[in-house]
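Read through the structure below, which is laid out as C-alpha cells, and then see the notes.
Model, not experiment: these values are computed from the prediction. The first residue of the sequence shown is numbered 1, and numbering continues consecutively from there.
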Amino acid sequence: MEKCNIEQIVEFIQKTFNTKEFIPLHEPRFIGNEKKYLNDCIDSTFVSSVGKYVDTFEQEFAKKVGAKYAVATVNGTAALHISLILAGVTKNDEVITQPLTFIATCNAISYIGAVPIFIDVDLNTMGMSPNSLKIFLELNCEIKNKQCINKTTGKIIKACVPMHTFGHPCKIDELKELCDKWHIVLVEDAAESLGSYYKDKHTGTFGKLGAFSFNGNKIVTSGGGGVIVTDDGTIAKRAKHLTTTAKIPHPYEYVHDEIGFNYRMPNLNAALLVAQLEQLELFLKSKRELAKLYEGFFEKIDFVDFVKEPKETSSNYWLQAIKLENKEQRDRFLEFTNRNGVMTRPIWRLMSELDMFASCQKDDLKNSKYLQDRVVNIPSSVRV
Ligand SMILES: *Cc1c(COP(=O)(O)O)cnc(C)c1O
C-alpha cells in the first residue's frame, strides 16, 4: 500500500517537473541578464575583487533586505566567520546554535577557537526554540559584568546563531529578546532564507549581523558567494576591512594593520549575482506555487506531512520538505525515489552527533532528533 503510494509520489513529481529524466533536488536558473553582465565584466577586465558589480550588488542587496549595509564575501561560511569575529567572539568563548543546521555554522564557530552549545529546535519552524533557549539560560547561566557566564564551564557565551531552516523563519523576535536580556550577541545564519520574512521584516536583519550564502544550490547564486548585513556602520566598515586582508586603502601602497582574510567576492561572481538578484521575485513566486502544488497533493497521502511556512512568516520555500512517519519509512522513501531518478535527501545529521562536536554541551534535543529521523527534502528547483 505504502509502496504504491511512493510510486504515486514519484509520478506526481515527474508530472510537476514535466520530465521522466533525472530530477535534481535544486538546480540554478540563468534566464535573465547573467551572460550580459558576465560579458560586460570580462570586457572591463575587472574580474577580481574590485569592480562595479560588487558595489552594485552590495547596494541592491542592502535595499532588498532592508539593512543599512551589505558586505559581499567569497562564500557564506566566510560571511559567518567574519560576522562572529565582529560579534566579539574570541578563542574559548561559547556560541549557542542549533544542532539541526548545515556544517558551515559550526565550522565558522570553530575557526575562531570557540565552542558551540546546541539548543533544540521547534517542531514547526525547525529553527532554534526560544523556549528551549530560555530554559537552558535560566538553568545554566548567570550574568556577571554584563556578560553571560556558563556556570558549568565558567566560559563566556558571547553569541547566539539561530538558522532559518530551508527558508522557514524561526521565532527570531523571541530569540532576540532573550539574547538582549542575557547580553548575548545575536548573529543570524540566514544562508537559506533570502526572500523570507518574519512578521514582514526580512530574516537576517534581526541580529546585530546576518549572513547569507549564494552557493550554487541556494535560491540565487553567484557560483560561490556570501554577504554580511548589518545596520551598524562601524561594523560594516570593519567587515570590509577584515575581508580585504585588512589593507589600509591607498592608491599604491600595501600596508595592513592587522591579520585579515582574503574573503572578498570577485566581481565576476558579483556580475552573475546582480543578474540573479533581479529575478528573485520570479523565483520566489515559482517556489510558492510549487509549495502549493505539493501541499495539495500531500494532503491526500496520509503518511506524509508537507512542511508549511510557520504562522506570521513568509517563507522563500527554498528547499521543499516533507515529514514521514518514522525512520524506516524515511529510508524506504529515500531508497525508492533516488533509485527512480527523483533526487531526495534526508535533513542533516545533527551537529551534536558528529565526532568534532560530540562532547559539546546540549539540551535534550528532543525535537531535533525527531526531525532528523523524518524530514526529507524533495525536488525544489524553480520551474520556469
Ligand atoms: C549554505 C549554507 C551556509 C554557507 O555555505 P557556503 O557554501 O559557504 O556559502 C551556511 N549555513 C547554512 C545553514 C547553509 O545552508
Exercise. Establish, yes or no, whether a centroid distance under 6.0 Å links the rings of Tyr198 and His164.
Key: no

Exercise. State whether Glu258 and Arg238 are salt-bridged, where the test is any N-O pair (Lys NZ or Arg NE/NH1/NH2 against Asp/Glu carboxylate O) under 4.0 Å.
Key: yes

Quiz item: Do Asn215 and Asn217 get their side chains close enough for a donor-acceptor pair, meaning under 3.5 Å?
Solution: yes

Only pairs under 3.5 Å count here: list side-chain donor-acceptor contacts from residues 376-384, not counting sequence neighbours, and write none if there are none.
residue: Asn377; atom: ND2; partner: Gln320; partner atom: O; Å: 3.2
residue: Ser380; atom: OG; partner: Gln320; partner atom: N; Å: 2.8
residue: Ser380; atom: OG; partner: Ile378; partner atom: O; Å: 2.6
residue: Ser381; atom: OG; partner: Glu27; partner atom: N; Å: 2.8
residue: Arg383; atom: NH1; partner: Thr16; partner atom: O; Å: 3.0

Practice problem: Could you tell me whether Arg332 and Glu335 have a side-chain N and a carboxylate O separated by less than 4.0 Å? | Solution: no

Quiz prompt | Of Ser196, Ser193, Ser315, the residue whose pairing with His168 passes side-chain hydrogen bond (donor to acceptor under 3.5 Å, both in side chains) | solution = Ser315

Practice problem: Go through the steps for Lys199 and Glu174 under the test salt bridge (Lys or Arg N to Asp or Glu O under 4.0 Å), then give the verdict. | Solution: CA-CA 12 Å; Lys199 294 181 180 168; Glu174 289 177 46; over 6 Å; no

Exercise. Evaluate salt bridge (Lys or Arg N to Asp or Glu O under 4.0 Å) for Lys36 paired with Asp40, printing each intermediate quantity in order.
Key: CA-CA 6 Å; Lys36 183 169 161 223; Asp40 177 54; over 6 Å; no

Self-check item: Charged tip of Lys201 within 45° of Phe206 ring normal and under 6.0 Å
Solution: yes

Practice problem: Might you point out which heavy atoms bring Pro346 and Arg330 nearest each other, and give the distance in Å? | Solution: CB-NH1, 3.8 Å

Quiz item: Does a side-chain N-to-carboxylate-O contact under 4.0 Å join Glu58 and Arg264?
Solution: yes

Self-check item: Under-4.0 Å salt bridge between Lys369 and Glu353
Solution: no

Quiz item: Less than 6.0 Å separating the ring centroids of Phe333 and Phe303?
Solution: no

Quiz prompt | Pairing of Lys285 and Glu289 as salt bridge, 4.0 angstrom limit | solution = yes

Show me, pair by pair, the donor-acceptor contacts under 3.5 angstrom made by side chains of residues 61-79, not counting sequence neighbours?
residue: Lys64; atom: NZ; partner: Glu281; partner atom: OE2; Å: 3.4
residue: Thr73; atom: OG1; partner: Asn75; partner atom: O; Å: 2.9
residue: Thr73; atom: OG1; partner: Gly226; partner atom: O; Å: 3.3
residue: Asn75; atom: OD1; partner: Thr77; partner atom: N; Å: 3.1
residue: Asn75; atom: OD1; partner: Ala78; partner atom: N; Å: 2.7

